[in-house]
Amino acid sequence: MANQTSNEASGFYKLSWAQRIGFGSGDLAQNLIFQTVACYLMLYLTTVLKINPAFVSGLILAVRLLDCFWSPIVGRYIDNNNPKFGKYRTYLLYGGIPLTVAACFLMLPTVASWSAGMKIVYATVSYTLLSMIYSVVNIPYGSIMASMTRDNDEVLVLTSTRMVCANIGQIIVQAGFPIGLAMVLHQAIDWNQATFMAIGTIPAFIILPSLPVLKKMFGKKGLYYLLLTVGFVGFAVLFVIGKFFCESLTNLNVLVQAAKVMTGVGLLVGSLMWALVPEVITEAEYRTGNRPAATVNALAGVAFKAGFSLAGFITPLVMGWVGFDLATEESALPTDPMAWFVVTCVFAIVGFALLMYCFKSSKENITTTPEKPVSYGEMFAEFKANKCLQLMICIFIVVFLASFISAPVNAYYPKLADYSARSQAAILWFTTVIPAILLVVVGLLIYKYPLTDEKLDEINKAIEARHAQK
């Protein structure tokens with residue numbers, strides 16, 4: 001007991017499961033909104049509102065470019081202030097309400113009857129506002145994890161808990177959205193499609209709780225390489241089936257779903273990447289004496305959104321170039337505007353309740369506010385000096401590009417036989433070939449990442465020894 005008290009006094013806090021699950025509920029909440037945007041907003045704008053895919057592509061890229069400037073502003077503000085309800089968790093409360101409202105306004109049913117010009121204005125304003133408000137919640141939320149403990153084992157458990165919750169949100173949205181649309185419209189549910197959309201998330205519920213054991217067995221990098229290899233094989237199997245046996249997809253459904261599970265194993269590396277954020281924050285504290293949690297999370301968030309935005313930019317644009325125009329092709333999902341609005345509102349309201357639970361359950365143990373405000377020049381000087389941060393950002397961009405480039409097109413894969421040969425080729429490129437190539441790139445980047453667990457233990461001990469001398 002005395003040893004545990006000593007460890008906690010030096011920042012190595014042990015957390016209860018109530019704290020871990022309470023923190024993880026915040027990621028579940030945000031994913032109910034984020035996954036709706038990532039997987040279905042592009043389809044909503046092109047197939048329900050019939051907005052030109054080229055404009056949708058440009059809008060997604062423009063909003064993400066804006067976020068490259070907005071996120072550092074949010075991160076700098078959070079690092080330099082200390083509100084009374086908690087340095088980071090305060091924003092779950094203050095940002096959660098407008099985030100829920102903005103999410104509900106994202107898919108108003110009356111917009112479908114507006115003119116083309118008004119639809120474009122509406123899409124631009126609603127998506128931009130939602131994105132900016134989302135950053136106000138997401139950046140401080142990510143910083144909470146680095147403020148709860150310095151213990152690497154606890155951080156790993158906290159990360160795995162958070163990612164399990166995030167993947168619960170992912171599976172709810174990816175499977176629940178088409179199911180919800182069908183239920184609102186009293187239509188038959190396409191279970192093959194709904195399962196294919198979400199089954200890739202299943203490995204998260206097996207692998208993430210087992211992370212401490214798997215990490216001991218394979219090592220941090222060895223585990224990453226194993227997951228990436230399984231994912232690559234899964235994409236290869238889906239390509240072969242879609243290329244040579246698309247007329248028999250229904251008969252091969254078990255094999256198709258098994259291959260989709262394998263791709264989920266590979267893309268799970270994206271969830272594990274969030275465990276690198278506290279490591280990079282700690283390394284920065286070791287070098288500079290400050291713990292720039294929100295700043296690093298802001299830059300990680302920019303990289304995460306960069307991967308997502310590149311996917312949103314590339315997918316509709318390139319598919320249009322090869323002859324598959326999402327606005328004119330037969331949609332793989334119902335296009336009733338009211339149904340889309342109802343399903344989105346349900347996810348947003350449930351998400352708000354979960355954010356409030358996270359606010360009440362997360363305890364901040366390690367927070368610092370700089371004696372002088374962090375300037376933008378210092379932020380980007382840190383980025384320039386921090387090689388680990390640079391590499392982490394590159395990994396984030398590529399792994400999340402791999403994760404999201406196929407997300408809006410996955411609904412079309414189970415119905416490959418309904419489309420022309422040219423359209424089939426476009427769908428296969430985005431659901432199998434490009435993600436597989438990107439997984440290889442992720443593996444090469446991970447190979448260069450320098451922060452081993454042994455190195456991190458040395459850094460943490462040096463930081464605490466420095467504090468003890470003050």
Side-chain angles (χ1 to χ4, degrees), residues 31-67 102-103 105-109 111-112 116 119-131 134 170 173-178 180-181 193 196-198 304-337 339-341 343-344 347-348 400-415 419 423 426-427 429-431 434-435:
N31 264 278
L32 293 179
I33 294 175
F34 179 79
Q35 291 295 331
T36 297
V37 172
C39 298
Y40 296 106
L41 179 62
M42 188 187 78
L43 292 179
Y44 169 76
L45 295 178
T46 55
T47 66
V48 179
L49 297 190
K50 299 297 183 181
I51 297 176
N52 186 291
F55 172 81
V56 174
S57 173
L59 172 63
I60 292 172
L61 182 62
V63 171
R64 294 280 69 87
L65 287 174
L66 173 64
D67 199 60
F105 273 82
L106 187 65
M107 298 182 185
L108 287 177
V111 178
K119 288 178 182 178
I120 287 174
V121 172
Y122 163 79
T124 302
V125 174
S126 62
Y127 180 40
T128 302
L129 286 175
L130 178 66
S131 177
Y134 184 84
Q170 184 174 334
V173 174
Q174 291 184 356
F177 212 100
L181 291 176
Q193 182 191 57
F196 185 82
M197 291 289 289
F304 166 64
K305 292 171 185 174
F308 159 61
S309 61
L310 284 173
F313 171 71
I314 292 169
T315 303
L317 196 62
V318 176
M319 289 195 77
W321 286 347
V322 298
F324 190 95
D325 189 329
L326 288 160
T328 58
E329 291 277 356
E330 181 181 353
S331 176
L333 294 171
T335 58
D336 181 82
W340 284 74
F341 174 71
V343 176
T344 302
F347 289 153
F400 288 111
L401 175 57
S403 297
F404 292 116
I405 200 162
S406 63
V409 192
N410 278 333
Y412 291 85
Y413 183 94
K415 300 184 178 184
Y419 298 96
S423 297
I427 294 168
W429 266 92
F430 281 93
T431 56
I434 296 176

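For the numbers below, each heavy atom of this structure counts, side chains included, while hydrogens, waters and symmetry mates do not.
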_Heavy-atom check, side chain of Tyr44 versus side chain of Leu49, under 4.5 Å_ = yes
_Quick check for you: to the nearest 0.5 Å, what is the distance between Leu65 atom CG and Ile60 atom CD1?_
12.0 Å
*asked:* So, taking the atom named CZ in Phe105 and the one named CG in Leu129, what distance separates them when rounded to the nearest 0.5 Å?
replied: 11.0 Å
*Could you note down all residue pairs passing side chain to side chain donor-acceptor pair (under 3.5 Å) where residues 32-42 supplies at least one of them, sequence neighbours left out?*
Asn31-Gln35, Gln35-Gln174
*asked:* Just verifying a value: how many Å separate Leu59 CG and Asn52 CG, rounded to the nearest 0.5 Å?
replied: 12.0 Å
*How close do Ile120 and Thr124 get, heavy atom to heavy atom, and via which atoms?*
O-OG1, 2.8 Å
*If the plane angle is over 60° it's perpendicular, under 30° parallel, otherwise tilted; pick one for Tyr413 and Phe196.*
parallel
_Donor-acceptor contact present, side-chain Gln193 to main-chain Ala332, <3.5 Å_ = yes
_With a 3.5 Å distance limit and no angle check, can you tell me whether Thr128 reaches the backbone of Val63 through a side-chain donor-acceptor pair?_
no
*Contact list for residues 400-415, test salt bridge (Lys or Arg N to Asp or Glu O under 4.0 Å), sequence neighbours left out*: Asp190-Lys415
_Residues that Tyr127 engages under side chain to side chain donor-acceptor pair (under 3.5 Å), provided they are two or more places apart_ = Arg64
*Give, for atom CD1 of Ile314 and atom CZ of Phe404, the distance between the pair rounded to the nearest 0.5 Å.*
14.0 Å
*Straight-line distance of Thr344 OG1 to Phe347 CZ, nearest 0.5 Å*: 8.0 Å
_Intermediate values then yes/no, side chain to side chain contact (heavy atoms under 4.5 Å, CB included), Leu106 and Val37_ = CA-CA 9 Å; Leu106 187 65; Val37 172; 4.0 Å; yes
*OH/Tyr412 to CG/Leu43 distance, rounded to the nearest 0.5 angstrom?*
5.0 Å
_Could you go through Met319 and Ile427, starting from their C-alpha distance and side-chain angles, then the distance that decides it, and tell me whether this counts as side chain to side chain contact (heavy atoms under 4.5 Å, CB included)?_
CA-CA 8 Å; Met319 289 195 77; Ile427 294 168; 4.0 Å; yes
